[in-house]
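Just so it is clear: chains get the letters A, B, ... in the order the sequence lines come, proteins before strands, and each one is counted from 1. Everything numeric here is computed off the predicted structure, so don't read it as measured data.
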Amino acid sequence: MRLKLDSLNEPQREAVLHTEGPLMVIAGAGSGKTRVLIYRIAHLIEQSTDPFRIMALTFTNKAANEMRQRIEKMIGNEARNIWMGTFHSIFSRILRFEAERLNYPSNFTIYDTDDSKSLLRSIIREAALDDKVYKPNVVLGRISMAKNRLISWQTYINDPFYRADDEVAGRPEMGRLYKLYQQRCFKSGAMDFDDLLFNTNVLFRDHPDVLHKYQHRFRYLLVDEFQDTNVSQYLITKKLAAVHRNLCVVGDDAQSIYAFRGADIQNILNFEKDYPELKTVRLEQNYRSTRNIVEVANSLIKHNDRQLRKEVWTDNEQGDQIELIKASSDAEEARLVATSIFEDKMNGALRNQDFAILYRTNAQSRNVEEALRKMNIKYRIVGGLSFYQRKEIKDLLAYLRFVVNHNDEEALKRIINLPKRGIGDTTIAKLIVMANENDVSLWDIIGNIYTAMSGRTANSIDAFANLIKSFDLAMQTKNAFEVASQVARESGLLKELYEDKTPEGISRYENVQELLNAIKEFVDNPENEDKTLGTFLQTVSLLTSWEDDQNKDPDRVTLMTIHSAKGLEFRNVYVVGMEEDLFPSQMMLNSREDLEEERRLFYVAITRAEKKLTLSYALSRYRFGNIRSCEPSRFLQELDGQYLKVTRRFRTEEAAPRPTRFAAQFKRAGAPVKRIPVNGKSAHQPSANFRPSDPMRLKAGMTVEHPKFGFGTVSAVEVQGNDRKARINFQQHGEKTLLLSFAKLMIHE
DNA sequence: GGCCGTTTCGTTTTT
DNA sequence: CGAAACGGCC
């Protein structure tokens with residue numbers, strides 16, 4: 001293989017060829033950043049570097065997958081041997097090898113955010129603290145912040161600065177919670193996402209021989225999206241590169257959008273200080289977008305104060321102006337976008353896959369989906385509710401996790417009474433207290449339950465323990481797939497789902513089968529050397545997306561958040577919801593830095609487009625249960641108007657629903673809010689569960705009668721969540737929306 | 001313990 | 001709005 005470098009421009013070539021010594025590539029949007037990385041790796045291998053000695057780190061799974069595919073296409077099978085992946089996946093792999101050094105089991109569990117929050121909730125409760133003050137979310141955020149800065153609980157507790165901070169915030173016990181949380185995670189043999197990085201740092205700090213091994217092993221390190229790394233990640237790479245000093249980082253400060261996870265542009269500045277011999281290369285020519293798009297993006301980003309000097313330019317054609325769609329409501333906005341896509345497809349002979357619709361929050365996808373469905377345009381959603389977050393999937397995974405690691409407290413809590421075996425919350429809480437008091441693991445107690453208690457509950461617990469023990473045996477002789485199938489069967493999970501013949505039940509059953517298939521594929525894949533269930537679970541914990549059948553059909557319009565869109569490009573891009581408070585997000589407007597990050601996010605969105613960019617906003621929008629009137633985003637004003645074509649495509653003014661003022665807004669203004677009494681009770685939003693196994697005869701528009709609330713009209717029927725619950729939107733007197741029990745409704749047909 | 005209805009609460013992005 | 005916590009009752 002002879003690598004052809006003529007297709008690269010001068011700075012790109014420089015970045016590829018400068019293999020020895022530290023290198024920083026400041027790469028503007030669309031400047032061929034990934035290309036440089038791939039050529040660089042190919043070049044290294046061509047110069048007979050063993051792929052095993054190259055480590056390429058990315059920030060997201062998607063970026064890692066894309067890089068892997070492209071490099072495999074270029075250099076073939078050898079690419080498999082490169083250590084390439086996200087920070088979290090690569091270092092969880094290393095932690096797995098070296099777990100003993102940290103006194104962790106090698107099959108440690110990885111807690112996702114839900115596990116962490118649930119664990120914190122128990123800890124807060126056990127510590128008898130007020131969970132209104134110590135909200136699990138807030139506490140977890142604080143702990144995460146500390147870990148990203150490599151502050152251990154020991155340091156945190158003794159740090160006067162943090163203590164003062166917590167006192168002011170009214171949360172003096174924060175340090176103690178951090179400590180308890182870490183100890184419980186450790187006892188459960190579990191690490192959360194931040195621990196994966198934190199503990200890698202600890203491993204390298206306390207075990208010089210381990211560090212030494214990896215330092216010498218990895219001769220070349222590459223970090224993609226360097227602007228998104230936090231201190232913890234930076235220090236890991238710095239340590240790993242300390243021997244060979246062949247660290248290449250690629251990034252763009254204008255696209256730094258992960259400060260909320262501790263990413264710090266400061267890393268770029270520190271990098272220059274840490275490596276005086278650093279070579280810096282700037283890629284400023286954009287090959288992706290039209291001149292209009294590049295220039296309008298530049299006109300936006302110059303409003304940011306904090307940025308490196310860089311001038312992105314392009315040789316490409318001028319292109320069409322940027323379109324701006326002004327709609328009266330969110331629903332109309334979606335319709336207009338769908339219509340626009342339809343017309344563009346016809347006029348330009350384009351395919352679905354040429355389009356992407358980007359938004360700030362996942363919740364915004366709903367309207368757009370509906371509009372696309374109505375126009376028969378196929379789409380796919382990236383991110384959002386993932387396959388792995390479905391209840392039935394989490395249930396089976398919890399079983400598998402527990403089979404692999406009997407100390408996993410969160411998994412145990414999830415499965416011990418699933419299917420129902422008469423072990424309630426009270427019992428579980430009691431067991432946890434027992435375990436803590438005697439300083440043994442929960443499993444120790446459950447495995448020998450008769451020494452602690454007797455009676456019917458004890459029998460149930462003993463039966464559960466025996467079930468788990470029977471899987472232990474299977475683990476020794478069978479492969480991951482066989483164990484998983486056995487667990488699914490013998491735990492009763494599969495049976496319970498199989499018996500549920502509702503459409504949702506059938507789909508849940510299929511999902512579980514799909515998970516089992518995935519495990520089978522994992523086992524059958526010759527590329528995977530380690531076929532244990534533990535490895536599968538760790539891999540899966542770090543995944544967020546699922547390649548289902550929908551995603552395999554490539555010709556679909558792509559819907560996703562701007563965060564997920566980073567690194568991708570599309571011919572035509574729509575950015576919807578360009579409204580103040582939504583984008584920039586209301587939650588982000590705390591400081592000037594926050595606003596700048598939102599602006600960079602918009603910059604990322606704009607620069608995804610190759611040929612055509614369309615922005616849209618709605619004058620009123622359904623949000624948090626209310627219709628709110630909206631102001632156009634300040635970012636629209638910051639765009640240079642000469643590149644914009646305002647296509648005021650909303651219909652008539654009176655078509656716009658009049659924005660309604662709601663209780664929440666009055667409340668904010670300080671006015672007293674009265675609850676609307678229903679039948680004398682202050683039932684503002686009555687709701688109820690029902691069994692969808694009842695025939696779903698209910699349709700919008702039907703007149704129904706409720707024993708308590710009287711007659712009304714059904715405005716919507718929907719199934720809620722994965723549980724056996726559903727809600728009816730029920731309009732009474734044309735004004736108020738109530739949520740009612742389905743079971744008790746009389747249907748007047 | 002578990003069902004069922006009620007209340008509260010968070011509402012952003014990813015690993 | 002929707003998820004999850006809560007609380008009363010069998």
Side-chain angles (χ1 to χ4, degrees), chain A residues 58-64 85-92 110-114 116-118 121 125 131-132 135-138 144 148 191-197 225 228 230 233 257-263 359-364 366 383-384 386 391 417 420-428 456-457 460 541-545 560-566 581-589 594 597-598 601 604 622-627 662 664 675 681-691 708 716 718-727 729 737 739-741 743-744:
Chain A
T58 63
F59 202 64
T60 61
N61 289 309
K62 209 173 323 127
T86 63
F87 275 90
H88 290 85
S89 70
I90 294 278
F91 294 114
S92 72
I110 299 174
Y111 274 177
D112 68 12
T113 314
D114 287 338
S116 299
K117 269 195 270 190
S118 150
R121 196 168 294 116
R125 206 166 290 174
D131 64 359
K132 302 258 154 48
K135 294 178 186 172
N137 244 350
V138 174
S144 170
N148 284 332
M191 301 193 195
D192 67 16
F193 289 131
D194 299 315
D195 285 334
L196 294 176
L197 304 173
E225 307 283 9
D228 291 330
N230 58 36
Q233 289 164 323
I257 55 175
Y258 283 102
F260 73 92
R261 273 191 53 191
Y359 34 77
R360 176 67 235 267
T361 69
N362 279 311
Q364 284 167 261
R366 278 213 163 190
S386 105
K391 183 180 177 299
N417 199 26
K420 298 260 153 59
R421 11 177 115 82
I423 306 171
D425 292 344
T426 329
T427 310
I428 297 171
R456 212 173 47 192
T457 317
S460 304
S541 316
L542 296 171
L543 291 183
T544 46
S545 65
M560 61 185 152
T561 64
I562 303 170
H563 281 88
S564 316
K566 188 148 78 154
D581 288 354
L582 184 62
F583 190 24
S585 162
Q586 194 180 9
M587 318 268 347
M588 281 295 276
L589 295 187
D594 290 343
E597 175 152 322
E598 292 283 291
L601 194 55
V604 169
Y622 205 65
R623 265 223 291 168
F624 307 142
N626 299 328
I627 295 172
F662 279 82
R675 292 200 147 185
K681 279 190 135 188
S682 78
H684 189 55
Q685 263 192 339
S687 68
N689 307 329
F690 80 92
R691 307 246 158 220
K708 202 152 132 202
E718 62 189 48
V719 176
Q720 182 193 358
N722 296 316
D723 267 336
R724 298 164 152 246
K725 281 182 180 176
R727 284 187 165 185
N729 285 341
T737 300
L739 304 164
L740 291 185
S741 160
K744 290 180 183 161

**Study point:** Partner set under side-chain hydrogen bond (donor to acceptor under 3.5 Å, both in side chains) for A:Glu598, not counting sequence neighbours
**Key:** A:Arg360

Point to revise | For A:Asp594, side-chain hydrogen bond (donor to acceptor under 3.5 Å, both in side chains) partners two or more places apart | key: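 Testing A:Asp594 for side-chain hydrogen bond (donor to acceptor under 3.5 Å, both in side chains), a comparison that skips the adjacent residues, returns A:Ser591.
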
Point to revise | A:Leu601 or A:Thr427, whichever maps to the more 5' nucleotide of DNA chain B | key: A:Thr427

Review point. Which residue lies toward the 5' end of DNA chain B, A:Asp425 or A:Ser564, if each is placed at its nearest nucleotide?
Key: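 Result: A:Asp425.
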
Practice item. Assess whether one donor atom and one acceptor atom, taken from the side chain of A:Arg360 and the base of B:dT13, lie less than 3.5 Å apart. Key: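 Present.
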
Return the value, rounded to whole Å, for the distance between atom [atom1] of [X] and atom [atom2] of [N].
X        : N      : atom1 : atom2 : answer
A:His563 : B:dT14 : NE2   : P     : 7 Å
A:Lys420 : B:dC3  : NZ    : C1'   : 9 Å
A:Gln233 : B:dT15 : CD    : C1'   : 9 Å
A:Asp192 : B:dT14 : CG    : C1'   : 14 Å
A:Tyr258 : B:dT14 : OH    : C1'   : 5 Å
A:Tyr359 : B:dT13 : OH    : P     : 10 Å
A:Lys566 : B:dT15 : NZ    : P     : 11 Å
A:Asp594 : B:dT13 : CG    : P     : 16 Å

Distances under 3.5 Å between nitrogen or oxygen atoms of protein and nucleotides 6-10 of chain C:
residue : atom : partner  : partner atom : Å
C:dC6   : OP2  : A:Arg125 : NH2          : 3.4

**Study point:** Donor-acceptor under 3.5 Å (A:Asn148 side chain, A:Arg261 main chain)
**Key:**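 Yes.
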
May I ask you to say what [X] touches in the nucleic acid, namely base, sugar-phosphate or nothing, with a heavy-atom cut-off under 4.0 Å?
X        : answer
A:Asp194 : nothing
A:Thr113 : base
A:Asp112 : nothing
A:Lys132 : sugar-phosphate
A:Phe87  : nothing
A:Arg121 : sugar-phosphate

Within less than 4.0 Å of OP1 or OP2 of [N], is there a side-chain N or O belonging to [X]?
X        : N      : value
A:Asn362 : B:dT13 : yes
A:Asn230 : B:dT15 : no
A:Thr561 : B:dT12 : no
A:Asn417 : B:dG2  : yes

Run the ring-ring contact (aromatic ring centres under 6.0 Å, His included) test against [X] and tell me which residues pass, sequence neighbours left out.
X        : result
A:Phe260 : A:Tyr258, A:His563
A:His88  : none
A:Phe583 : A:Phe602, A:Phe635

**Study point:** Beyond-backbone contact of A:Thr561 with A:Tyr359, side-chain heavy atoms, under 4.5 angstrom
**Key:**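 Touching, per the 4.5 Å side-chain cut-off.
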
Check your understanding: So do the side chains of A:Gln233 and A:Phe59 get within less than 4.5 Å of each other, counting heavy atoms only?
Key ->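 In contact.
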
Check your understanding: Using atom P of each nucleotide, how far apart are B:dT13 and C:dA4 to the nearest Å?
Key -> 15 Å

Review point. Taking only residues two or more places apart in sequence, or in another chain, which ones meet A:Asp228 in a salt bridge (charged side-chain N to carboxylate O under 4.0 Å, His left out)?
Key: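 A:Asp228: salt bridge (charged side-chain N to carboxylate O under 4.0 Å, His left out) contacts with A:Lys566.
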
Point to revise | Which residues share a salt bridge (charged side-chain N to carboxylate O under 4.0 Å, His left out) with A:Asp114, sequence neighbours left out | key: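 With neighbours one apart ignored, the set is A:Lys394.
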
**Study point:** Proximity to the side chain of A:Arg366 - top-ranked nucleotide from B:dT15, B:dG2, C:dG2
**Key:** C:dG2

Study note, to complete from the structure: Which of B:dT12, B:dT15, B:dG10 is nearest the side chain of A:Thr361? It is B:dT12

**Study point:** B:dT14 base stacked by A:Phe193 (centroids within less than 5.5 Å, tilt under 30°)
**Key:** no

Practice item. Find the distance between CG (A:Leu542) and CG (A:Asn61) and round it off to the nearest 0.5 Å. Key: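 Between atom CG of A:Leu542 and atom CG of A:Asn61 there are 7.5 Å.
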
Revision key, fill the gap. For DNA chain B, the expected dot-bracket line (Watson-Crick or G-U under 3.5 Å, [ ] crossing, | inter-strand) is ||||||||||.....

